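Please read all numbers here as calculations on a predicted model, not as lab measurements. In what follows, chains carry the letters A, B, and so on, assigned in the order in which the sequence lines appear, proteins first and then strands, with residues in each chain numbered from 1.
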Number of protein chains: 2
Amino acid sequence: MTEIKDIKVAVDAIVFGYQQNTLFVLLVKQKFGPFKGIWVLPGGFVLQQESLIEAVTRELQEEAGIKVNYLEQLYTFGDNINRDPRFRVISVAYFALVNPDNFALAQQNDTDAEEAQWFAISNIPQLGYDHNQIVKMAHQRLKSKLTYQPIGFDLLATEFPFSDLENLYSVILEQEIDRRNFRKKILSLGFVEETNAPSINNGSGRPARLFKFNKDKYYALLSNSFHFEIKFA
Amino acid sequence: MTEIKDIKVAVDAIVFGYQQNTLFVLLVKQKFGPFKGIWVLPGGFVLQQESLIEAVTRELQEEAGIKVNYLEQLYTFGDNINRDPRFRVISVAYFALVNPDNFALAQQNDTDAEEAQWFAISNIPQLGYDHNQIVKMAHQRLKSKLTYQPIGFDLLATEFPFSDLENLYSVILEQEIDRRNFRKKILSLGFVEETNAPSINNGSGRPARLFKFNKDKYYALLSNSFHFEIKFA
DNA sequence: TCAAAAGTGTTCTCTTTACACCCATGG
DNA sequence: CCATGGGTGTAAAGAGAACACTTTTGA
C-alpha cells in the first residue's frame with residue numbers, strides 16, 4: 001500500500017471579480033517551486049486536519065488576503081499524473097466570486113506576501129501547471145450558471161443600478177441583450193427589488209434607481225420547485 | 001510538510017442501471033476494514049501511477065466485473081475529515097450509467113470476489129462511510145441531467161420502443177408524462193430516430209416500433225449551440 | 001371480441017421575441 | 001438646449017399544455 005501514500009492533495013481557487021464592465025480572475029505569482037516567478041491560481045496543499053473548504057479559504061487569505069462571497073467546488077483534476085512535475089498531485093478546484101467590496105487586494109508584506117493580481121479574462125497569461133485549462137473550465141461554469149442561478153449578484157454591489165446587471169450579463173455571456181426584455185424577465189422572477197435608496201447619478205444621463213437581490217425571496221421560491229432560465233435572442 | 005503526505009485519495013462510483021421500470025444502484029459488500037460486511041459503493045484507493053478515471057474503471061472491473069457506458073466526475077468529498085474512521089481520506093466520486101447489455105454482474109470467484117449487487121434506489125440499505133449521502137447527490141444529478149442531456153439512452157438498449165423512454169423519464173423524474181407531448185418533443189429534437197428493425201411484441205398489445213439515439217446527429221447539433229430542456233406539466 | 005399497449009392532432013395559453021420613443025439629469 | 005444614459009409597452013410568433021380516440025396484436 002505504499003503507492004497510496006504519495007498522492008498529494010491540493011486545492012486551487014478560480015476567483016472572479018467584475019469591475020468596469022470587465023471580468024477579472026485572481027492570480028498569484030509563484031514564489032518557489034517548479035513554476036517560480038510564473039502566474040498561477042491561488043491554492044496549495046491541504047493540511048491533514050482541515051477540510052477542503054477550509055484549505056481554500058485559508059489559501060485565499062494567505063496568498064491574496066481576500067474573502068470571497070461565493071464558493072463552490074468546480075472539478076478535481078487528477079487525470080494527468082504529471083500535472084505537477086515534482087510529484088503526483090491532484091487538485092480540487094474551487095470556483096469563487098467576489099463583489100466590489102472585497103475586490104481590493106490586501107497589501108500584505110507580512111505573511112506569505114506573494115504577489116496577487118487581477119487579470120482581465122481576455123488577458124490571462126500563460127499559467128503554471130494545468131491552470132489555464134482550469135480557468136477555462138471555470139469561465140465556462142460561470143457562463144452557464146449565470147443563466148440558471150442568481151450568482152451574478154455576487155459580483156455586484158449589494159445595491160446596483162439595473163444597467164449594471166444588464167452589462168454584467170452581456171459582458172460575461174458575450175451577447176447583446178435587449179434591455180426591455182431583460183428587465184421584464186428579471187423583474188418577473190420576483191427576487192430583484194427596487195430599493196428606496198435615492199437614485200444615483202454617475203456623471204451624465206438620467207439617474208438610475210437602485211435594485212437589490214432578495215435572497216430570502218429567492219430561497220422561498222426555490223423550495224416551491226421554482227426554476228428559471230435566462231436566455232436571449 | 002509531513003501533514004501533506006497522509007491524506008489518501010480514493011475514488012467511488014455510483015453506477016445506475018435500469019430494468020423493469022426500476023432504477024438500480026450497484027453496491028458491494030465490504031470484505032475488510034471498518035465497515036466489513038456492510039454495503040458500500042464500489043471504489044478504492046487511487047494508485048500512484050494511474051489517473052483518477054483509470055482508478056474508477058479498474059475498481060469497477062475488480063469489484064463488480066462491470067463496464068459502464070457513461071462516466072463522469074460527480075463531486076469530491078473531503079470536508080468531513082473523519083469520513084473514514086481510520087485515516088484522512090478524500091474521495092472523488094464518479095457517476096456512471098450502464099445499459100442492459102452490461103447490467104449483468106460477472107460471477108467472479110477469482111479476483112477480488114467481493115459480493116456485488118443491484119439495489120433498487122427506493123431500497124438502499126444503510127451504507128458505510130458517507131455513501132448514502134453520495135448516492136443521494138448522484139440521484140439528484142441523474143434527475144437534473146436527464147432534463148438537459150441525452151443520458152437516458154445510456155440506460156436503455158441500443159434500440160428501444162418509445163414507451164421505454166417514456167417510462168424511464170417518468171420513473172426517474174417521478175412525474176406523470178403526457179405521452180403525446182413527450183413523443184412530439186423528443187422527436188422534434190431530431191436525434192432520436194425510428195429504425196428499420198421489425199416491431200417487437202411483448203406479450204400483449206400492439207407491437208412497438210424501435211427507435212435509437214443518433215449520437216452523431218446530437219453532437220452535430222451541439223456544435224451549433226443547440227440546447228434542449230425536457231420539462232413536463 | 002376483448003384486453004392491452006401503441007400511435008396520433010388540434011386548440012388554447014403562455015412565453016419569448018422584436019422593436020422605438022420619451023424622461024431626467026448635468027454641462 | 002444638447003448629450004447621455006434610464007425607463008417603458010405592444011403586437012406577432014413560437015413553445016408548451018391539455019386533452020381522447022383509433023390501431024394492432026395475442027389470447
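Side-chain contact between A:Leu41 and A:Val135: present, with at least one pair of heavy atoms (C-beta onward) separated by less than 4.5 Å.
Near DNA chain C, defined here as any heavy-atom distance below 4.0 Å, there are no residues from residues 156-176 of chain A.
Computed from coordinates, the A:Arg183 CZ to D:dG9 C1' distance equals 13 Å when rounded to whole Å. A:Phe182 has its CZ atom 13 Å from the P atom of D:dG7, to the nearest Å. Atom CG of A:Asn21 and atom C1' of D:dG5 are 13 Å apart (whole Å). Between the CD1 atom of A:Ile200 and the P atom of D:dT4 there is a distance of 19 Å, given to the nearest Å. As rounded to whole Å, 10 Å separates atom C1' of D:dG6 from atom CZ of A:Phe211.
With sequence neighbours excluded, the residues forming a side chain to side chain donor-acceptor pair (under 3.5 Å) with B:Lys217 are B:Glu193, listed by chain and number. The side chain to side chain donor-acceptor pair (under 3.5 Å) check on A:Asn181 picks up A:Lys184, with sequence neighbours excluded. Here A:Gln149 pairs with A:Tyr70, A:Lys145, A:Ile151, A:Tyr218 under the side-chain contact (heavy atoms from CB on, under 4.5 Å) rule; sequence neighbours left out. With sequence neighbours left out, B:Arg83 forms a salt bridge (charged side-chain N to carboxylate O under 4.0 Å, His left out) with B:Asp130. Residues that satisfy the side chain to side chain donor-acceptor pair (under 3.5 Å) test with B:Arg206, not counting sequence neighbours, are absent from this structure.
Applying the salt bridge (charged side-chain N to carboxylate O under 4.0 Å, His left out) test to every pair with at least one member in residues 11-28 of chain B, sequence neighbours left out, gives no pairs at all. Sorted by first then second residue, the side chain to side chain donor-acceptor pair (under 3.5 Å) pairs that include residues 160-174 of chain B, not counting sequence neighbours, are B:Lys143-B:Glu174. Residue pairs meeting the salt bridge (charged side-chain N to carboxylate O under 4.0 Å, His left out) criterion with at least one member in residues 117-127 of chain B: none, sequence neighbours excluded.
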Show the atom names and distances, to 0.1 Å, of all donor-acceptor pairs under 3.5 Å that link a side chain in residues 14-27 of chain B to residues at least two apart or in another chain.
residue, atom, partner, partner atom, Å
B:Tyr18, OH, B:Asn21, OD1, 3.3
B:Tyr18, OH, B:Leu168, N, 3.2
B:Thr22, OG1, B:Gln20, O, 3.0

How would nucleotides 19-27 of chain D be written as a contact map, 5' to 3', with B for base contact, S for sugar-phosphate-only contact and - for no contact, using protein heavy atoms under 4.0 Å?
BB--BBBS-
Can you list the steps and then say if A:Gln30 with A:Tyr129 is a side-chain hydrogen bond (donor to acceptor under 3.5 Å, both in side chains)?
CA-CA 11 Å; A:Gln30 192 84 311; A:Tyr129 310 104; 2.9 Å; yes
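Read 5' to 3', the first and last nucleotides of DNA chain C with an atom closer than 4.0 Å to a heavy atom of chain B are C:dA4 to C:dT10.
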